[in-house]
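Index from 1, following the sequence.
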Amino acid sequence: MQETSVCRICDGVVTAFIDLGKQPLSDRFASPSDSSPEPFFRLAVGSCSSCTMVQLLEEMPRESMFHEDYPYHSSGSSWMREHFTATAQRFIDTELTGSDPFIVELGCNDGVMLSTIARAGIRHLGVEPSGGVADVAAGHGVRVRKDFFEESTAAGILTDDGHADVIFAANTLCHIPYMASVLRGVATLLAPGGVFVFEDPYFGDIVRKTSFDQIYDEHFYFFTARSVQEMAARFGLELVDVERLPVHGGEVRYTLARAGARQPTAAVAELLAEEGAARLTERETLEGFTRSVLQIRDDLVALLRELKAAGKTVAGYGATAKSATVLNFCGIDSELISYVSDTTPAKQGRVTPGSHIPVVPPSVFADGYPDYAVLFAWNHKEEILAKEQAFQRSGGRWIGYVPEVHVI
Ligand code: SAM
Ligand code: TMP
Ligand code: ZN
């Protein structure tokens, strides 16, 4: 029998469609000498038969994921820096034109978006529970509250600063299982004519690309226009716009307003129709996705074993949270991939979660290129292939696994 859980949005029945097995915390990079036991949980995903929300069946404690040493720094990618500078500029030109406007960002991380807002002298607040990245944001002139956003936080902000014209969250809302508390907080804090804008990996793109590595502990929800529309309605909010984004392998930026406050754009109806035609959250589609994932696992492991038998050297590129799912689901360890190169200082000198492959700085990669490199940071492919042309000139080949295993 398929496993079920209770939907975190509507209390409906969530039925699992994929089980990626025992997985570690995807951003826990332990030092090689650390002998403390590593926490694992079972990574299974299901969809709700009532509201269609796709979600994890098990939740990890939030403090185990988001803490002082949370290693992900948003500004690590130049493409993402440009994306968020443009996002901030768009808010400045559209929603923040009134007198003394106020914008709140959930999960502002190192200030990649709010630093532009701060430089423009606009009233703002970042809510960020991970102390290390919050300090970096503060160092860039961003006003930060070190906290988890939820209903009580929203009430505190309302008392201190008044209503927000914009509440923004990038790659953060899908990380928060306790959605009712967050959306009650949003409904409290939002100005009558304000907007709640959030962008997260789009489940339509995940299915289309079989990008199963978007599934890990921090990604609790996988949104669609349909599930977001249903979710919003439960909290007096309404989905009024959607925009496809090319970042992180395909995202959607959703705009919510108070119910009835704004006319929904044609893009909302179009995306809803597209999802309906694709039967996006129906059983056959979900089971087809699972079959494709198993195929990728088998092909990737077979390729890596073949290369090892042929005496080739293989590295990984980008110690992404996504790679934790791939490595642990496929059972890949340092026998098959000798190291993973990553630009993040907090990950270097550590080992990958669960699979314990050493993480090294890019200088090690450049200092004697391997024959092959598995591109775990495939969502930054353009940026990486452009800057690593010497690797290919040296005869090195990239291995990709989205939407299927291939060698470039
Ligand atoms: N917005 C940045 C971006 O798009 O690159 C950061 C995304 S990062 C993957 C997710 C961030 O959400 C982390 O910095 C984490 O600390 C933060 N976070 C997690 N739970 C949160 C909550 N309840 N309220 C506010 N931020 C939260
Ligand atoms: P992300 O896919 O969650 O954004 O994580 C990207 C990871 O890849 C992060 O640890 C930084 C690393 N990275 C590199 O090592 N080199 C690069 O050129 C880029 C863009 C990212
Ligand atoms: Zn539901």
Side-chain angles (χ1 to χ4, degrees), residues 1-23 26 40-60 174 177 179 200-231 244 248-252 271-303 321-332 378-379 400-406:
M1 221 189 56
Q2 278 163 321
E3 203 188 338
T4 59
S5 66
V6 177
C7 176
R8 296 297 297 262
I9 305 297
C10 78
D11 292 334
V13 179
V14 175
T15 307
F17 62 86
I18 189 164
D19 185 345
L20 294 160
K22 245 172 52 138
Q23 292 278 347
S26 62
F40 282 86
F41 78 117
R42 209 172 51 80
L43 185 62
V45 191
S47 66
C48 173
S49 57
S50 304
C51 75
T52 77
M53 183 65 83
V54 177
Q55 58 200 279
L56 298 190
L57 272 76
E58 277 186 34
E59 171 186 349
M60 286 302 271
C174 77
M179 186 65 84
D200 285 289
Y202 178 49
F203 188 62
D205 287 314
I206 293 174
V207 170
R208 191 168 55 79
K209 298 185 180 175
T210 317
S211 46
F212 70 103
D213 55 350
Q214 293 284 8
I215 304 168
Y216 52 92
D217 54 349
E218 294 173 22
H219 285 177
F220 190 86
Y221 293 109
F222 302 91
F223 298 133
T224 63
R226 164 87 192 273
S227 61
V228 167
Q229 187 181 51
E230 296 228 7
M231 174 176 89
R244 307 279 293 247
H248 289 311
E251 299 206 325
V252 168
L271 192 56
L272 287 168
E274 197 181 302
E275 290 175 358
R279 303 164 70 84
L280 192 51
T281 50
E282 293 186 22
R283 274 290 112 178
E284 314 87 83
T285 310
L286 301 175
E287 284 165 10
F289 169 77
T290 301
R291 279 193 297 277
S292 304
V293 172
L294 297 176
Q295 186 68 53
I296 290 177
R297 178 190 64 183
D298 294 349
D299 291 349
L300 184 59
V301 171
L303 174 62
K322 294 185 287 296
S323 69
T325 298
V326 178
L327 292 168
N328 290 285
F329 180 57
C330 299
I332 297 167
W378 57 269
N379 45 315
Y401 52 84
V402 171
E404 57 200 6
V405 176
H406 59 282

Closest contact, heavy atoms only, [X] versus [Y]:
X	Y	value
Cys174	Asp200	SG-OD1, 3.2 Å
Gly249	Lys209	O-NZ, 2.8 Å
Asn379	Lys322	OD1-NZ, 3.1 Å
Cys330	Val301	O-CG2, 3.5 Å
Leu286	Thr281	CD1-O, 3.6 Å
Asp217	Leu43	N-CD1, 4.2 Å

Practice item. Just do the side-chain contact (heavy atoms from CB on, under 4.5 Å) check on Ser50 and Cys7 with the steps written out, would you? Key: CA-CA 9 Å; Ser50 304; Cys7 176; over 6 Å; no
Check your understanding: Relative to each other, are the rings of Tyr221 and Phe223 parallel, tilted or perpendicular (30° and 60° limits)?
Key ->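 Correct class here is parallel.
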Check your understanding: Aromatic rings Phe222 and Phe203: how do their planes relate, parallel, tilted or perpendicular, breaks at 30° and 60°?
Key ->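 It falls in the tilted class, 30° to 60°.
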Practice item. May I ask you to decide whether Arg226 forms a salt bridge with Glu230, counting only side-chain N to carboxylate O separations under 4.0 Å? Key: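 Salt bridge present between Arg226 and Glu230.
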Review point. Looking only at side chains, do Thr325 and Asp213 share a donor and an acceptor under 3.5 Å apart?
Key: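 There is no such pair (donor and acceptor under 3.5 Å, judged by atom type) between the side chains of Thr325 and Asp213.
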About how many Å separate [atom2] of [Y] and [atom1] of [X], when rounded to the nearest 0.5 Å?
X	Y	atom1	atom2	result
His406	Ile296	NE2	CD1	10.0 Å
Glu58	Phe220	CD	CZ	10.0 Å
Thr224	Met53	OG1	CE	7.0 Å
Ser323	Trp378	OG	CH2	12.5 Å
Phe329	Leu300	CZ	CG	11.0 Å

Point to revise | Under 3.5 Å donor-acceptor, Gln214 side chain and His248 backbone | key: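 Present.
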Review point. Quick one: does Ser26's side chain have a donor or acceptor within less than 3.5 Å of a partner on Ala324's backbone?
Key: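 It does not hold such a pair.
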Check your understanding: How far apart are the C-alpha atoms of Phe41 and Lys22, what are their side-chain angles, what is the distance that settles it, and do they pass the side-chain contact (heavy atoms from CB on, under 4.5 Å) test?
Key -> CA-CA 5 Å; Phe41 78 117; Lys22 245 172 52 138; over 6 Å; no
Determine whether [X] and [Y] make a side-chain contact, defined as any pair of heavy atoms from C-beta on separated by less than 4.5 Å.
X	Y	value
Ser47	Arg283	yes
Phe289	Thr285	no
Met179	Gln55	no
Glu275	Tyr202	yes
Phe212	Arg297	no
Leu56	Ile215	yes
Val293	Thr210	yes

Review point. Given the rule in the side-chain contact (heavy atoms from CB on, under 4.5 Å) test, do Arg244 and Asp205 qualify, once you have shown the distances and angles that lead to the verdict?
Key: CA-CA 10 Å; Arg244 307 279 293 247; Asp205 287 314; 3.3 Å; yes
Practice item. Run the numbers on Ile206 and Val54 for side-chain contact (heavy atoms from CB on, under 4.5 Å), then give the verdict. Key: CA-CA 12 Å; Ile206 293 174; Val54 177; over 6 Å; no
